[in-house]
Amino acid sequence: MIEMQNLSFGYSGNDPLLADMSLTLQPGSFHFLTGPSGAGKTTFLRLCYAELMPSAGQMTAFGQDVRTLSRDGIAALRRRVGVVHQDTQFLDHLPVAENIALPLLVSGEQIDMPALGELLAWVQLSGHARAMPPELSGGERQRAALARAVIMSPDLILADEPTGNLDWDMSMRLLQLLIELNRSGKAVLIATHDLNLIRAAKQQVQARVLRIAGKRLQLAGADL
Ligand SMILES: Nc1ncnc2c1ncn2[C@@H]1O[C@H](COP(=O)(O)OP(=O)(O)OP(=O)(O)O)[C@@H](O)[C@H]1O
């Protein structure tokens, strides 16, 4: 679904942050992305959903060259990619249920209330549907963020340090949801520093571990 060949990206000038990266993200795959702070993990995810464009190399998303995508083409791509951001932002004046349904509202689609109810139940937030975002705990916020990321039924879910501020039990609950999504056929890519999270996932799914080191994207060994 996403294919990169010799892809490079730099925010400024001719000093790339990421260089010569090649990767194929297959439907239904599960990947972790690791690397030191500042290595470019968030940047890599932003390239995957075409918020940033490569400086050099080739990249196709769902069969289309990202550089040739029109505005509508980019919007269509983003519908197929759900993103859980590192610091999830909600509209604090809207209840949790509306925040989760926001992608539907923004794209002018009808809200299927029973489906929204099921989604809330799946992330165990049924009791918080009418709560306001500031009332949520860290774990509840991240589960709401995940629900919002999947409400458009994307094929690929990108999560940027989704368990960064969560304790182990909450991290495991969130990981379990991501594993369930993967089992239902969705591709998942999680950027994380947390090697314990990777180890826990690897007991349940066939996950590949990518690492950004020295500007390059490498496959990490099975040494985790
Ligand atoms: N919009 C931007 N303009 C210029 N430089 C940027 C921009 N965004 C990020 N950077 C720089 O690019 C580098 C990589 O940042 P990025 O957030 O991708 O790293 P990361 O691996 O996700 O880090 P962390 O693990 O700390 O979240 C950093 O040096 C950062 O300062």
Side-chain angles (χ1 to χ4, degrees), residues 1-25 29-61 66-67 69 71 74-75 77-78 81-90 138-139 141-146 148-149 154 156-168 170-172 174-175 177-178 187-202 207-221 223-224:
M1 44 184 49
I2 293 206
E3 186 140 11
M4 300 177 173
Q5 272 182 341
N6 307 113
L7 200 81
S8 296
F9 174 82
Y11 282 104
S12 60
N14 39 22
D15 182 25
L17 170 69
L18 300 169
D20 208 16
M21 300 187 300
S22 296
L23 175 72
T24 303
L25 280 185
S29 59
F30 202 117
H31 286 87
F32 285 99
L33 177 64
T34 63
S37 180
K41 298 179 295 299
T42 300
T43 303
F44 179 87
L45 298 184
R46 293 175 72 195
L47 284 163
C48 288
Y49 60 92
E51 193 178 81
L52 298 172
M53 284 291 153
S55 318
Q58 300 296 317
M59 176 173 156
T60 59
V66 288
R67 283 209 193 79
L69 288 175
R71 274 171 84 101
I74 288 180
L77 159 65
R78 299 231 177 107
V81 181
V83 185
V84 180
H85 293 281
Q86 200 163 13
D87 56 341
T88 300
Q89 302 293 325
F90 293 107
R141 270 182 92 81
Q142 285 308 75
R143 297 204 303 278
L146 181 61
R148 189 174 59 186
L156 168 64
I157 292 119
L158 304 174
D160 195 357
E161 293 281 357
T163 60
N165 299 316
L166 306 185
D167 65 27
W168 182 246
M170 279 298 152
S171 299
M172 285 299 99
L174 196 74
L175 176 66
L177 294 174
L178 287 159
V188 173
L189 192 157
I190 305 172
T192 184
H193 289 109
D194 189 347
L195 298 187
N196 287 326
L197 187 79
I198 299 177
R199 287 193 191 98
K202 280 187 135 193
R208 296 174 87 194
V209 183
L210 306 166
R211 179 194 301 277
I212 300 176
K215 304 185 178 183
R216 311 284 161 133
L217 188 65
Q218 308 164 343
L219 252 188
D223 55 339
L224 286 158

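Computed from heavy atoms alone, side chains included, the values below leave out hydrogens, waters and symmetry copies. Just so you know, ligand 1 is whichever comes first in the structure, and atom 1 is the first atom listed for that ligand.
- In terms of protein heavy-atom proximity, atom 13 (C) of ligand 1 is nearest to Gly38 O, 3.6 Å.
- Under 4.0 angstrom from ligand 1, there are no non-hydrogen atoms of Asp160.
- Residue contacts with ligand 1 do not include Gly35, since none of its heavy atoms lies under 4.0 Å from the ligand.
- Heavy-atom proximity to atom 19 (O) of ligand 1, evaluated over Ser37, Gly40, Pro36, Gly164, is greatest for Gly40.
- Looking at Glu161 next to ligand 1, no N or O pair under 3.5 Å apart turns up.
- Heavy-atom minimum distance, Gly10 versus Ser55: N-OG, 3.1 Å.
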- Message: If you apply the rule side-chain contact (heavy atoms from CB on, under 4.5 Å), what do you find for Phe32 with Val188, and how did you get there?
- Response: CA-CA 8 Å; Phe32 285 99; Val188 173; over 6 Å; no

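- With ligand atoms numbered from 1 in the order given, ligand 1 contributes 27 (O) to contacts under 4.0 Å with heavy atoms of Gln86.
- Put simply, the side chain of Arg211 does not reach to within 4.5 Å of the side chain of Leu219, judged on heavy atoms.
- In the vicinity of Thr42, heavy-atom distances shorter than 4.0 Å reach the ligand 1 atoms 17 (O), 18 (O), 20 (P), 22 (O).
- Comment: Lys41 does not engage Asp160 in a salt bridge, judged by the lack of any side-chain N to carboxylate O separation of less than 4.0 angstrom.
- Between atom 15 (O) of ligand 1 and the options Thr43, Leu45, Leu18, Thr34, the minimum heavy-atom separation is to Thr43.
- By the definition of a contact as any protein heavy atom under 4.0 Å away, atom 24 (P) of ligand 1 is in contact.
- Residue contact check: Lys41 has heavy atoms under 4.0 Å from atoms 18 (O), 19 (O), 20 (P), 21 (O), 22 (O), 23 (O), 24 (P), 25 (O) of ligand 1.
- In summary, the atoms of ligand 1 found under 4.0 Å from a heavy atom of His193, numbered by their order in the structure, are 25 (O).
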